[in-house]
Amino acid sequence: MIVSIHIPKTAGTSFRVALEQTFGDRLLLDYDDRPLSTKPEQVERRRGAARVVEERPGELLANYDAVHGHFIADKYRPLATDARYAAFFREPGARLVSHFKQWRRQASPENLLGWKVHTGEVGLRELASDPLIGSLYRHFLGDVAVEELAFVGLTDAYERSLALFEAVFGYALPALRENLTEPDGSPDGASGDADFDKALLARDHDVYDQARRRFEALCAEYGV
């Protein structure tokens with residue numbers, strides 16, 4: 001099974017629509033975990049959802065060929081060698097700015113940090129300083145190492161990433177591009193003179209650098 005981790009603001013919406021068109025009802029959309037929510041009830045809900053995977057791996061493998069969504073990757077460890085992990089990555093500064101703009105427009109009260117951004121209590125600098133946001137890539141990967149990813153996509157090399165996906169998994173996905181602009185028509189994630197110290201994202205930059213190297217190594221391996 002392809003286990004596709006949708007890290008926020010890394011072209012995951014475009015990728016999701018492409019997966020939906022390709023896999024149909026053989027795709028499981030897993031968007032209920034809210035990995036960035038620290039509310040106790042949501043933490044417990046994530047634990048319960050993980051137990052379901054642990055108890056029913058055979059049922060998942062029988063019913064689905066791929067899963068895609070906002071979840072921590074090691075949730076699907078019970079699938080063992082049947083899980084082939086995939087994720088897109090984006091330059092951390094641009095990803096952060098895009099995430100900030102999204103939360104400014106709309107956020108759920110279930111996510112306390114996102115809600116504080118939405119209400120103006122937390123600005124871009126404060127968001128970049130948050131320990132969870134500053135290591136967001138590692139948070140979503142859980143204990144799955146970048147080297148374990150069967151597929152790595154880069155937002156800034158989207159078409160080449162789709163070619164790599166086809167080479168790795170044998171599925172040709174449509175080259176859709178969703179959510180590329182802000183409501184005012186400006187590019188999604190355009191940082192301009194973004195008011196934060198990018199050194200705050202050092203941990204995400206480390207993972208991003210690993211992902212870029214993994215991407216190039218896979219492209220060389222598969223002749224993409």
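- The main-chain N or O of L36 is never found under 3.5 Å from a side-chain atom of H139 such that the two would form a donor-acceptor pair.
- The residue from D204, L96, T155 that alone fulfils the side-chain contact (heavy atoms from CB on, under 4.5 Å) condition with R90 is T155.
- One N or O on the side chain of R77 and one on the backbone of D143 form a donor-acceptor pair closer than 3.5 Å.
- Taken from CG in N63 to CZ in R26, the straight-line distance is 6.5 Å, to the nearest 0.5 Å.
- Atom NZ of K101 is separated from atom CG of L124 by 9.5 Å, given to the nearest 0.5 angstrom.
- Atom CG of L27 and atom OG1 of T22 lie 9.5 Å apart (nearest 0.5 Å).
- When all heavy atoms of G134 and L201 are compared, the pair lying nearest together is CA-CD2, 4.1 Å.
- Not counting sequence neighbours, Y222 has no partner by the ring-ring contact (aromatic ring centres under 6.0 Å, His included) test.
- The heavy-atom pair separating R203 from P131 by the smallest distance is NH2-O, 3.6 Å.
- Atom OG1 in T10 sits 13.0 Å away from atom CD in E91 (nearest 0.5 Å).
- In terms of the ring-ring contact (aromatic ring centres under 6.0 Å, His included) criterion, residue partners of F151 (sequence neighbours excluded) are, by chain and number, F88, F165.
- Of the possible polar contacts, none joining the R16 side chain to the G69 backbone as a donor-acceptor pair under 3.5 Å is found.
- The local environment of CD in Q106 is sparse, with at most 12 non-hydrogen atoms from other residues, nucleotides or ligands closer than 6.0 Å.
- Atom CZ of residue R51 and atom CZ of residue R46 lie 13.0 Å apart, to the nearest 0.5 angstrom.
- Looking only at distances, a side-chain donor or acceptor of H118 sits under 3.5 Å from a matching main-chain atom of R104.
- Between D209 and R212, at least one side-chain nitrogen of the basic residue sits less than 4.0 Å from a carboxylate oxygen of the acidic one, meeting the salt-bridge criterion.
- Taking D33 as the reference, R45, K75 meet the salt bridge (charged side-chain N to carboxylate O under 4.0 Å, His left out) condition, with sequence neighbours excluded.
- Under the 4.5 Å side-chain heavy-atom criterion for ILVMFWY residues, a single connected hydrophobic cluster contains both Y158 and L164.
- Listed by chain and residue number, nothing satisfies the salt bridge (charged side-chain N to carboxylate O under 4.0 Å, His left out) test with E59 (two or more places apart in sequence, or in another chain).
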*Criterion side-chain contact (heavy atoms from CB on, under 4.5 Å) on L173 and E166, from CA distance to verdict*: CA-CA 7 Å; L173 303 183; E166 181 178 3; over 6 Å; no
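- In this view, D25 satisfies the salt bridge (charged side-chain N to carboxylate O under 4.0 Å, His left out) rule with no residue, not counting sequence neighbours.
- Side-chain contact between Q102 and K9: present, with at least one pair of heavy atoms (C-beta onward) separated by less than 4.5 Å.
- Taking every heavy atom of both residues into account, E126 and V122 meet most closely at CB-CG1, 3.7 Å.
- Counting only heavy atoms from C-beta outward, the side chains of F15 and L162 approach each other to under 4.5 Å.
- A salt bridge is defined here as a Lys NZ or Arg NE, NH1 or NH2 lying under 4.0 Å from an Asp or Glu carboxylate O, and E216 with R160 meets this definition.
- Put simply, the side chain of S98 never gets that close to the backbone of A94: no donor and acceptor are under 3.5 Å apart.
- Hydrophobic cluster membership differs between L112 and I133, with clusters built from Ile, Leu, Val, Met, Phe, Trp and Tyr side chains linked at under 4.5 angstrom.
- Both F140 and Y31 belong to a common hydrophobic cluster when Ile, Leu, Val, Met, Phe, Trp and Tyr are linked at side-chain heavy-atom distances under 4.5 angstrom.
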_Chi angles and distances behind the side-chain contact (heavy atoms from CB on, under 4.5 Å) call for L113, L132_ = CA-CA 10 Å; L113 180 59; L132 181 57; 5.8 Å; no
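- Between W103 and H99, the ring-plane angle classifies as tilted under the 30° and 60° cut-offs.
- The side-chain heavy atoms of R95 and Y137, taken from C-beta on, include a pair separated by under 4.5 Å.
- Here the shortest heavy-atom pairing between A150 and R84 reads CB-CB, 4.1 Å.
- Side-chain N or O atoms of Q21 include none that pairs as donor or acceptor with a backbone N or O of A18 at under 3.5 Å.
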_Between F71 and V3, does the side-chain contact (heavy atoms from CB on, under 4.5 Å) criterion hold? Intermediate values first, please._
CA-CA 10 Å; F71 52 80; V3 178; 3.7 Å; yes
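- Under the ring-ring contact (aromatic ring centres under 6.0 Å, His included) criterion, Y64 pairs with no residue, sequence neighbours left out.
- A centroid separation of 6.0 Å or more is found between the aromatic rings of Y76 and Y85.
- Contact check for P78 versus L60: no side-chain heavy atoms found under the 4.5 Å cut-off.
- Across every non-hydrogen atom of G153 and F215, the tightest pair is CA-CD1, 4.4 Å.
- Transitive grouping of hydrophobic side chains (ILVMFWY, heavy atoms separated by less than 4.5 Å) brings V67 and L29 into a common cluster.
- Note: the hydrophobic cluster containing I2 does not contain I72 (ILVMFWY, side chain heavy atoms under 4.5 Å, direct or indirect links).
- When all heavy atoms are compared, the tightest approach of Q42 to S37 is CB-OG, 3.5 Å.
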*What do the steps show when you test D82 against M1 for side-chain contact (heavy atoms from CB on, under 4.5 Å), and what is the final call?*
CA-CA 6 Å; D82 289 307; M1 176 187 281; 5.6 Å; no
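- Atoms CG and CZ, from L127 and R125 in turn, are 12.5 Å apart once rounded to the nearest 0.5 Å.
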